[in-house]
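Heads up: the structure comes next, in structure tokens.
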Amino acid sequence: MALYDPFAEQYNEMVKAGGPENSYQYIMEHLSGISELQGKKICDIGCGQGELSYRLSLRGAVVTGVDLSIKLLEFAQQKTDKVTWVHDDAMKLSKLPNETFDYVVSSLMLMDLPNHRDVFTASQRILKSEGIMIWVITHPCFQSPFSSPLGDGSRKIKQYDSQFWKSEGKGTIRSTVGAYHRPLSEYLNDFIVSGFSIVQLDEPKRMDNSVDLLPSLLAIVGQKSSNHLS
């Protein structure tokens with residue numbers, strides 16, 4: 001998002017430090033498990049500074065990375081010229097043609113947007129018949145705004161509603177631009193209504209269990225429904 005431009009450097013360093021690594025690994029492994037990526041057309045929505053798009057391109061995929069942050073796209077362009085970088089809104093994907101891509105991926109981005117369902121609808125439009133979308137978000141059951149670790153591997157959840165929130169920190173991304181929390185059912189039902197069948201649901205294990213022992217991510221693999229009526 002353009003709101004992230006002031007935090008582009010900070011976000012870039014977070015990616016370099018391995019912040020989204022668990023999400024990247026999940027997407028890479030599942031795409032590779034579906035088919036060979038050589039020559040496959042993949043759209044990385046909310047590509048940020050381009051790390052996931054870059055890795056996919058190394059596997060021979062024809063990758064288009066989309067983001068609304070100009071500064072993050074500048075980092076992406078410095079990373080590789082083997083990816084087509086597009087400045088566009090993930091909720092519209094207005095610069096991308098219909099039924100073009102074999103796969104659409106979204107890593108830790110849907111929580112940042114006011115309308116996740118528009119992302120699903122736009123992704124369904126640009127996918128080929130029976131194309132696959134894989135999306136990963138922070139786990140809505142355990143990473144809710146009113147939750148806190150208890151120190152014994154568990155977590156206390158005090159509220160579980162759809163809401164926009166900001167953290168109580170100062171000078172951080174979440175304390176400034178906030179995020180959107182939505183229940184698990186809202187994400188899944190909106191995905192189905194947007195024209196997808198759920199193929200697989202996973203809760204990847206944490207790479208770092210120092211905070212708690214609960215899954216921090218939710219990952220969904222879906223296929224474009226051939227009988228969907230727009």
Side-chain angles (χ1 to χ4, degrees), residues 1 3-4 6-33 45-46 48-49 51-52 55 72 105-117 119-120 133-192 196 198-222:
M1 295 179 68
L3 287 173
Y4 280 78
F7 294 93
E9 291 276 2
Q10 182 179 344
Y11 182 76
N12 189 37
E13 292 303 316
M14 180 185 71
V15 172
K16 287 182 178 179
E21 186 62 31
N22 206 12
S23 175
Y24 293 167
Q25 288 188 13
Y26 179 90
I27 291 173
M28 294 292 295
E29 289 173 3
H30 278 263
L31 282 178
S32 298
I45 304 177
Q49 51 77 267
E51 178 63 25
L52 177 59
R55 295 188 191 185
L72 286 173
V105 297
S106 168
S107 174
L108 302 177
M109 180 273 293
L110 292 173
M111 316 85 61
D112 297 336
L113 302 181
N115 195 326
H116 61 288
R117 185 168 170 177
V119 179
F120 294 151
M133 182 178 186
I134 300 178
W135 50 274
V136 180
I137 58 174
T138 53
H139 203 302
C141 300
F142 306 117
Q143 303 299 313
S144 63
F146 298 97
S147 68
S148 55
L150 297 181
D152 62 352
S154 63
R155 179 175 285 264
K156 182 178 182 180
I157 312 295
K158 295 182 288 184
Q159 190 172 334
Y160 185 67
D161 300 314
S162 293
Q163 59 185 294
F164 174 78
W165 65 279
K166 290 185 177 182
S167 71
E168 297 179 354
K170 293 182 179 180
T172 64
I173 293 176
R174 294 303 172 198
S175 66
T176 304
V177 302
Y180 294 86
H181 177 265
R182 305 170 181 104
L184 175 61
S185 58
E186 185 173 341
Y187 276 112
L188 297 184
N189 288 330
D190 285 344
F191 192 47
I192 294 169
F196 287 93
I198 295 175
V199 175
Q200 188 165 338
L201 182 155
D202 289 301
E203 297 163 298
K205 292 184 178 180
R206 282 182 178 272
M207 299 183 75
D208 177 7
N209 291 324
S210 62
V211 177
D212 60 56
L213 301 178
L214 301 167
S216 61
L217 301 180
L218 174 74
I220 304 293
V221 181

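None of the values given here were measured: they were computed from a predicted structure.
Interatomic distance, L31 CG to L52 CG, rounded to the nearest 0.5 Å: 8.0 Å. To the nearest 0.5 Å, the span separating CD on E51 from CD on E21 amounts to 7.5 Å.
Within the 4.5 Å cutoff, side-chain heavy atoms of I220 are placed close to those of F191. At a threshold of 4.5 Å between non-hydrogen side-chain atoms, the residues K156 and F146 do not count as touching. Using a 4.5 Å heavy-atom threshold, the side chains of Q200 and H30 count as touching. Side-chain contact between V105 and V136 is absent, with no heavy-atom pair separated by less than 4.5 Å. With contacts defined as side-chain heavy-atom distances shorter than 4.5 Å, the pair P183/S162 qualifies. Put simply, the side chain of M109 reaches to within 4.5 Å of the side chain of V119, judged on heavy atoms.
In this pair, H139 and F142 present their aromatic rings tilted. The plane angle is within the 30 to 60° band. A tilted orientation is assigned to the rings of W135 and Y187, their planes being inclined by 30° to 60°.
Residues passing the side chain to side chain donor-acceptor pair (under 3.5 Å) test with S144, sequence neighbours excluded: none.
Across all their heavy atoms, S154 and D212 have their closest contact at O-CB, 3.9 Å. For the pair I137 and P140, the tightest heavy-atom approach, listed with the atom from each and the gap, is CD1-CD, 4.0 Å.
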